[in-house]
Undergrad: 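Questions regarding the structure given below will be posed in turn.
What you are looking at is a predicted structure, and each value in this text was computed from that prediction instead of being measured.
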Amino acid sequence: MEDGARVEALLQQQRALASFGELALRSENLDEILTEACRLVGNALGTDLAKVMELDDSGESLVLRAGVGWLPETIGHARIRADERSAEGYALKMGEPIVSSDLAEGDQFSVPHGLRDNGVHATVTVIIIRQSVNHPYGILQVASRSPRTFDGADIQLLRTYANLLAAAVDRITLLRTSYDQAEELAANEERMRLAIDVGRLGTWDWDIPTNEIVWSDEHYRMEGYEVGEVTPTFETWQARIHPDDKAETIAALERARDDRHEYVHEFRSLHPDGKVVWLSARGRFFYDENDQPLRMIGVMRDTTSRRRAQETQKTLIAELQHRTRNLLAVVRSIAAQTMRSTDDMAAFRTRFNERLSALSRVQGLLSRSDRERITIGQLIRMELDALGEPELEHRVQIGGPDVALRNSVVQTLALAIHELFTNARKYGALADGPGSLAVTWTLREDDGVQHLVIDWREVGITSHDGGRTGFGRELIERSLPYQLDAATRFDLQDDHLHCTIDIPLDRPLRSTPHAA
Amino acid sequence: MPHRATPSLRDRHILVVEDEFFVAEEMARELEEAGATIVGPVGTVDDALDCVASGVRIDAAILDINLRGDLSYPVAEALRQKQVPFLFATGYDAWSLDPGFRDVTRCEKPIDPSQVARALFPVPA
C-alpha cells in the first residue's frame, strides 16, 4: 500500500473512531452504539462481518447482541456456550485478544454453528470489560470470509472500540438505573398521593427550625382554608383550632415533642363560617444529633361524623335508661296501688297481670312507633281485642276520625282505656246482661290547639259495683290531668257510665326557654 | 357509743317535681310516711318554676331531670339561687348530665326517704 494511502486510511480510522467516541458518549440507545461499533470495526479491518456477544446472567452462554453481516432474526437469539472450545469463550476466559487465522484448516476451537455457514476463515476476538463492576460484558469479534491474519494494529483498534463500548454500557446501565429509580419514586409518590386522597387524610411535614410546613390539599380544607390560601406555619395551624381545645391541643403537641412519644390527639377545628370539624391527628417528631426537634410528620382524619354518631348514641342510651327506669317505677306503683285495692292474693295476681299485659302491649306498639304513628282507633281496638271475647263485638260500637297520638300520650291513655274496658267487662255494660258500650271520639280546636275528645258511654249496667278498684277512676280523674293536661269527667250512675276525656294534642308553647 | 342524730324529714316541706303521675304519687307517699309535707307534686318545668317563685315554703326539692321532654335545669338553677338544697331523682347517669350539675346528688327511683334525708339535710359531724 502506498504511504499516502496508508496515512489516508489511518486518518479515516481516526475520524471514524472520534465520531464513534462521541456516539458512545451521547447515545442512550445501546443497540445503536453496538451496531455502529460492529460496522466501523468491520470497515476498518476490511471485512463485512462483526458482532458483539453479551454474557448472559448465568455466565454460561453468550448471546448475539448486535452485528453486521448477520441475519436480523438471529440478533438477540443466537447463543453459544461461554467456554474454551470457542474463540469467543476462550477470549472471555483469558481476558486476552484471540486471533484465529484459518478455521478451515482445523483449529484449536470448535467452529460455532453459523460461522461455517457464513464461510468464515479467520476471526479476531477481544473482551469487553465493564470497568465499573470489573466484570466482562461480552466480546467484540471481527471475522473474515477469506483466510487472513490480524496484526497488532488491528487488535489495538479493536480493543479501543471494546473499551469505548464498555464505557457506553456502563453509562447506559447507570442511566437506566436512575431512570428506573426516578420512575419508581414517581410511582411511589403517586401511590402515596392516591392513598392520602382516597383515605381523605390531611398530612403535614413540618420543618421545625424554619417553621415551614407542607400540607396536603385535604389539610387546608380540614382547617377551613382554600387550598394554597395561606403559607402553612405553626401559627396558621393553631389559628383554626377551636378556642376551647387550643390550649390542650398545643400542650399535647409539646408533651409529644418533649417526652418523645407519638402525638395522638383529637380536637375541633373552628372554621371562619362557624363550621366545627372534629380532627383526629397522629404525628411523630424527628430529632437531630443534639436532641433538638428537627421535623415533624403526621396525618389527620376528619372524625366529625363518627363523633356525631357517638353523640346520638349517647342521647339514645340516656333516653333508654330514662324510659326503662321510669317504666320500672310505673310498674312498682301499679303493684302498690293494685295491692292496696285488692283483698286477696288471687285477685291481686289477676289484676296485676292484666295491667302488666296492658303495659306490655303498649310498649310493643311504642317500639314500632318510629315507623308509623299510633292512632286512637288502634289503641281502643287493641284493648277491646285484649279482652279476648269476640262475641262481645256486637255490643260495642267504636267510631271516630283517624287521629295520630304523641308517644308521650300513648302509655297513660292506653292504661286508662284498659281499665275502662276491664271494668266494663267485669262490672259494667259488658258484663253478663243487656248492656252496650259506645266509644266515639272527635277533634275540636281550642285557641289554636287541637284537642281529642273521647266519649265513653255504657248503658244497661245491671251488676252492682262491688268490685271496682278505683284504680281506673284515679287514672282518669287524676293521672290524665296531671300527665297530659287532660280535662276528664267520670260520671258513674246505677245503670250507666258516661266518661269523657279531653286531651290537648299539641304541646302548648312554653314560656321558658328550653335548657340544652 | 355516742348517739348520732339521724337526719329526719319530719316537718320538712319538700317540693316534688316529677312528670310521671304514679311515680310522683309513690314518691309523695313515701316522703309523707317519713314525716314530710309535700309541695306539689308538679310535672312540668313551668309549674315547678311557678311554685319556686310563689314564695311557698320549700325546704328542699327532688327533681326529675326529664319533664315531658324538657330538662329541669332551670328549676335547679332557681333553687340554687334561693339556696334550697335539692337532688335529682333520675334514670340518667352522671355523664349525661349538664356539667354544671354533675356535683348534685342523684338518687334512683324509687327513692329511699332515709337516703333523701341524708343527702338533703346532712347532720354536722
Undergrad: Heavy-atom distances under 4.5 Å only: say whether A:L475 touches chain B with side chain, backbone, both or neither.
TA: side chain
Undergrad: Using 0.5 Å steps for rounding, measure from the CD1 atom of B:I62 to the CG atom of B:L87.
TA: 5.5 Å
Undergrad: Among B:D70, B:V17, B:L71, find the one that has a side chain to side chain contact (heavy atoms under 4.5 Å, CB included) with B:V45.
TA: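 Testing B:V45 for a side chain to side chain contact (heavy atoms under 4.5 Å, CB included) against B:D70, B:V17, B:L71 leaves exactly one candidate, B:D70.
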Undergrad: Given a strict heavy-atom distance threshold of 4.5 Å, which part of A:L484 is in contact with chain B: side chain, backbone, both, or neither?
TA: backbone
Undergrad: Taking non-hydrogen atoms and a cut-off under 4.5 angstrom, which of residues 23-31 of chain B neighbour chain A?
TA: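 Result: B:V23, B:A24, B:E25, B:E26, B:R29, B:E30.
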Undergrad: I need the A:D455 CG to A:C499 SG distance, nearest 0.5 Å.
TA: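 These two atoms lie 8.5 Å from each other.
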Undergrad: Parallel under 30°, tilted from 30 to 60°, perpendicular over 60°: which one fits the rings of A:F348 and A:F352?
TA: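 Aromatic pair A:F348/A:F352 classed parallel.
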Undergrad: Around atom CG of A:D446, are there more than 12 heavy atoms from other residues, nucleotides or ligands closer than 6.0 Å?
TA: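 Yes, enclosed.
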Undergrad: Measure the spacing between OH of A:Y482 and CD of B:E18 and express it to the nearest 0.5 Å.
TA: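 Interatomic distance, A:Y482 OH to B:E18 CD, rounded to 0.5 Å: 6.5 Å.
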Undergrad: Might you work through the salt bridge (charged side-chain N to carboxylate O under 4.0 Å, His left out) test for B:R68 and A:D485, ending with a clear yes or no?
TA: CA-CA 11 Å; B:R68 298 195 198 174; A:D485 292 330; 3.0 Å; yes
